[in-house]
Visitor: 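Structure below; questions to follow.
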Amino acid sequence: MILSVKNIKKSYDDGGVKLEVLKGISFGVKKGSILTIKGPSGSGKSTLLSLLGTLDNPDSGDILINDINLNDCDDFSDIRNNHIGFIFQFHNLIPELNVVENISVPALISDKKVDQDFLDTLFKYFGLSNKKNSFPLDLSGGEKQRVSVMRAVINKPSIIIADEPTGNLDSNNATKLINLFKKLNKDFGLTFVIATHDTKVFNIGHQKMELSDGKLLNL
Ligand SMILES: Nc1ncnc2c1ncn2[C@@H]1O[C@H](COP(=O)(O)OP(=O)(O)OP(=O)(O)O)[C@@H](O)[C@H]1O
Ligand SMILES: [Mg+2]
């Protein structure tokens, strides 16, 4: 398993009242597979992904990424830079940097050289070869989202975590993005954990789960 989650619990303090969002969640994700998670708004999908992505800590339980237990880490930078790629609903590109520079940010942060062959392959895959020097402001919404996917995968992370990746796209661009996820998974063996309300995205999961009432159910 590239990702193992064991009995994690997470609650928030909601104005003095304890709001139990995750009530003991366990699952595993195999390397090279896609896990999709659905669930009503407020069921805790983003909360769960933020824990997997080391952006927040669970109250209890264990998360192992590539056999590294996050509870044993006091510095998450290696995990974040080398093991996790993030894709959000909003692309979060840096407006002052052009497309190539935006994509290179994770490599710069982790002090790695950008794999130029992989970068060229991705540009062809993503149909963005003619946009290398463009700035985010000059791209369409779908193009911006594809650039943010390139940025998430450039370091070939162990897991790509995507929270509502098509939430802000029209159906044409959503379909393009879904096909890219499938291709990246098939051709490069990339592992995805995706939270989504979009049935078309949900259906690409090799493993499909629903978050409901603080528990994760296998579908
Ligand atoms: N930092 C926080 N402090 C307090 N409550 C929070 C915090 N973050 C999330 N919550 C609450 O936890 C619950 C789960 O939120 P979360 O964002 O994980 O849901 P979600 O399943 O991603 O919803 P959506 O489908 O709308 O994105 C919600 O009731 C939310 O209000
Ligand atoms: Mg959410």
Side-chain angles (χ1 to χ4, degrees), residues 3-29 33-65 70-71 73 76 79-80 83-93 141-142 144-149 151-153 157 159-171 173-175 177-178 180-181 185 190-219:
L3 172 67
S4 293
V5 173
K6 296 175 188 163
N7 202 22
I8 53 170
K9 296 184 181 167
K10 178 74 180 172
S11 48
Y12 292 115
D13 176 15
D14 189 15
V17 182
K18 188 175 171 192
L19 178 69
E20 285 184 73
V21 179
L22 306 177
K23 301 178 182 170
I25 284 190
S26 304
F27 62 94
V29 179
S33 71
I34 301 175
L35 165 64
T36 51
I37 300 168
K38 69 174 181 181
S41 180
S43 59
K45 301 181 297 298
S46 297
T47 300
L48 175 61
L49 295 193
S50 72
L51 302 180
L52 304 181
T54 76
L55 301 176
D56 200 356
N57 298 312
D59 300 335
S60 61
D62 294 283
I63 299 171
L64 287 85
I65 296 176
L70 299 186
N71 285 331
C73 289
F76 290 127
I79 294 261
R80 284 184 198 141
H83 293 280
I84 298 168
F86 284 103
I87 300 163
F88 299 100
Q89 177 171 357
F90 300 99
H91 53 78
N92 293 317
L93 297 177
K144 278 187 269 222
Q145 190 60 318
R146 293 205 290 284
V147 172
S148 79
V149 176
R151 182 185 54 187
V153 304
I159 307 169
I160 321 275
I161 295 173
D163 195 358
E164 296 285 356
T166 60
N168 212 22
L169 299 178
D170 63 27
S171 80
N173 274 306
T175 302
L177 196 68
I178 291 165
L180 276 169
F181 285 166
N185 170 256
L190 295 180
T191 309
F192 286 87
V193 176
I194 308 171
T196 186
H197 287 288
D198 181 339
T199 312
K200 281 188 295 187
V201 178
F202 185 69
N203 284 337
I204 70 170
H206 302 121
Q207 205 180 173
K208 302 188 190 80
M209 294 183 162
E210 178 164 19
L211 196 52
S212 174
D213 213 11
K215 296 278 187 181
L216 199 55
L217 314 166
N218 257 309
L219 294 186

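Computed from heavy atoms alone, side chains included, the values below leave out hydrogens, waters and symmetry copies. Read the numbers this way: they start at 1 and go in the same order the structure lists the ligands and their atoms.
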Visitor: Starting from atom 1 (N) of ligand 1, find the nearest protein heavy-atom neighbour and note its residue, name and distance.
Guide: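 For atom 1 (N) of ligand 1, the nearest protein heavy atom comes out as Tyr12 CE2, 3.7 Å.
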Visitor: Does any N or O atom in Asp13 lie less than 3.5 angstrom from one in ligand 1, N or O only?
Guide: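 Asp13 vs ligand 1: no N/O contact under 3.5 Å.
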Visitor: Give the numbers and elements of all ligand 1 atoms closer than 4.0 Å to a heavy atom of Leu19.
Guide: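 Contacts of ligand 1 toward Leu19, numbered from 1: 11 (C), 12 (O), 29 (O).
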Visitor: At a 4.0 Å threshold, what atoms of ligand 1 neighbour a non-hydrogen atom of Pro40?
Guide: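 Answer for ligand 1: 21 (O).
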Visitor: Given the protein's heavy atoms, is any one of them under 4.0 Å from atom 22 (O) of ligand 1?
Guide: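 Yes, there is one.
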Visitor: Give the atom numbers and elements of ligand 1 that come within less than 4.0 Å of a heavy atom of His197.
Guide: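 Going through ligand 1 atom by atom, the ones under 4.0 Å from His197 are 25 (O).
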Visitor: Do you know the tightest heavy-atom contact between Lys9 and Lys23?
Guide: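 Closest pair (atom of Lys9, atom of Lys23, distance): CG-C, 4.0 Å.
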Visitor: Do Phe181 and Thr36 come close enough that some side-chain heavy atom pair is under 4.5 Å?
Guide: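 They are not in side-chain contact.
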Visitor: Report the part of Leu211 (side chain from C-beta onward, or backbone N, CA, C, O) that has a heavy atom under 4.0 Å from ligand 1; answer both or neither where that applies.
Guide: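 For Leu211, no heavy atom sits under 4.0 Å from ligand 1.
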Visitor: Between Asn92 and Phe86, is any pair of side-chain heavy atoms under 4.5 Å apart?
Guide: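 With C-beta onward as the side chain, the pair stays apart.
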Visitor: With atoms numbered from 1 as shown, which atoms in ligand 1 lie under 4.0 angstrom from a non-hydrogen atom of Val21?
Guide: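 It comes down to these atoms of ligand 1: 12 (O), 13 (C), 14 (C).
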Visitor: Ser148 versus Leu93: any side-chain heavy-atom pair under 4.5 Å?
Guide: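 Heavy-atom side-chain distance check passes, below 4.5 Å.
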Visitor: Would you please say whether a donor-acceptor pair under 3.5 Å links the side chains of Asp59 and Ser11?
Guide: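 A pair is found: one side chain offers a donor N or O, the other an acceptor, under 3.5 Å apart.
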Visitor: Given Ser41, Gly42, Gly167, which has its nearest heavy atom closest to atom 26 (O) of ligand 1?
Guide: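 Of the listed residues, Ser41 has the closest heavy atom.
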Visitor: Is there a side-chain contact between Leu211 and Leu216 (heavy atoms, below 4.5 Å)?
Guide: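 Sidechains of Leu216 and Leu211: in contact.
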Visitor: Have a look around the Mg ion (ligand 2) and list protein N/O/S atoms under 2.8 Å, or say none.
Guide: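 As for protein N, O or S atoms lying under 2.8 Å from the Mg ion (ligand 2), they are Ser46 OG.
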Visitor: Specify the closest pair of heavy atoms between Ile25 and Leu22, including all atoms of both residues, with the distance to one decimal.
Guide: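 Answer, listing the atom of Ile25 first, then Leu22: CD1-CD2, 3.7 Å.
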Visitor: Taking distance alone, with N or O pairs closer than 3.5 Å, would you say Gly44 contacts ligand 1?
Guide: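 By distance alone, the answer is yes.
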Visitor: Would you say the side chain of Lys10 lies within less than 4.5 Å of the side chain of Leu48, judging by non-hydrogen atoms?
Guide: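 When only atoms from C-beta onward are counted, Lys10 and Leu48 do not touch, as no gap falls below 4.5 Å.
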Visitor: Picking from Leu35, Ile65, Thr191, what satisfies side-chain contact (heavy atoms from CB on, under 4.5 Å) with Leu3?
Guide: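 Per the side-chain contact (heavy atoms from CB on, under 4.5 Å) rule, the option paired with Leu3 is Ile65, out of Leu35, Ile65, Thr191.
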Visitor: Of all heavy-atom pairs between Ala174 and Asp198, which one has the smallest distance, and what is that distance?
Guide: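 Answer, listing the atom of Ala174 first, then Asp198: CB-OD2, 4.3 Å.
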Visitor: Taking 4.0 angstrom as the limit and counting only heavy atoms of Thr47, give me the atoms of ligand 1 inside it, by number and element.
Guide: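 Ligand 1 atoms under the 4.0 Å threshold to Thr47: 14 (C), 15 (O), 16 (P), 18 (O).
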Visitor: Could you tell me which non-hydrogen atom of Ile87 sits nearest to which non-hydrogen atom of Pro165, and how far apart they are?
Guide: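 Heavy-atom minimum between the residues: CG2-CB, 4.1 Å.
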Visitor: Answer yes or no for atom 13 (C) of ligand 1: protein heavy atom present at a distance under 4.0 Å?
Guide: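 It does: a protein heavy atom is found less than 4.0 Å away from atom 13 (C) of ligand 1.
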Visitor: By number and element, which atoms of ligand 1 are closer than 4.0 Å to a non-hydrogen atom of Ser46?
Guide: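 Result: 17 (O), 18 (O), 20 (P), 22 (O), 27 (O).
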Visitor: Decide, yes or no, whether a salt bridge links Lys45 with Asp163 under the criterion of side-chain N to carboxylate O below 4.0 Å.
Guide: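 Salt bridge: no.
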Visitor: Where's the contact between Ala195 and ligand 1, heavy-atom distance under 4.0 Å: side chain, backbone, both or neither?
Guide: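 For Ala195, no heavy atom sits under 4.0 Å from ligand 1.
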Visitor: Looking at Gly28, is its backbone amide N or carbonyl O close enough to the side chain of Gln207 to form a donor-acceptor pair, meaning the two atoms are under 3.5 Å apart?
Guide: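 Answer holds: yes.
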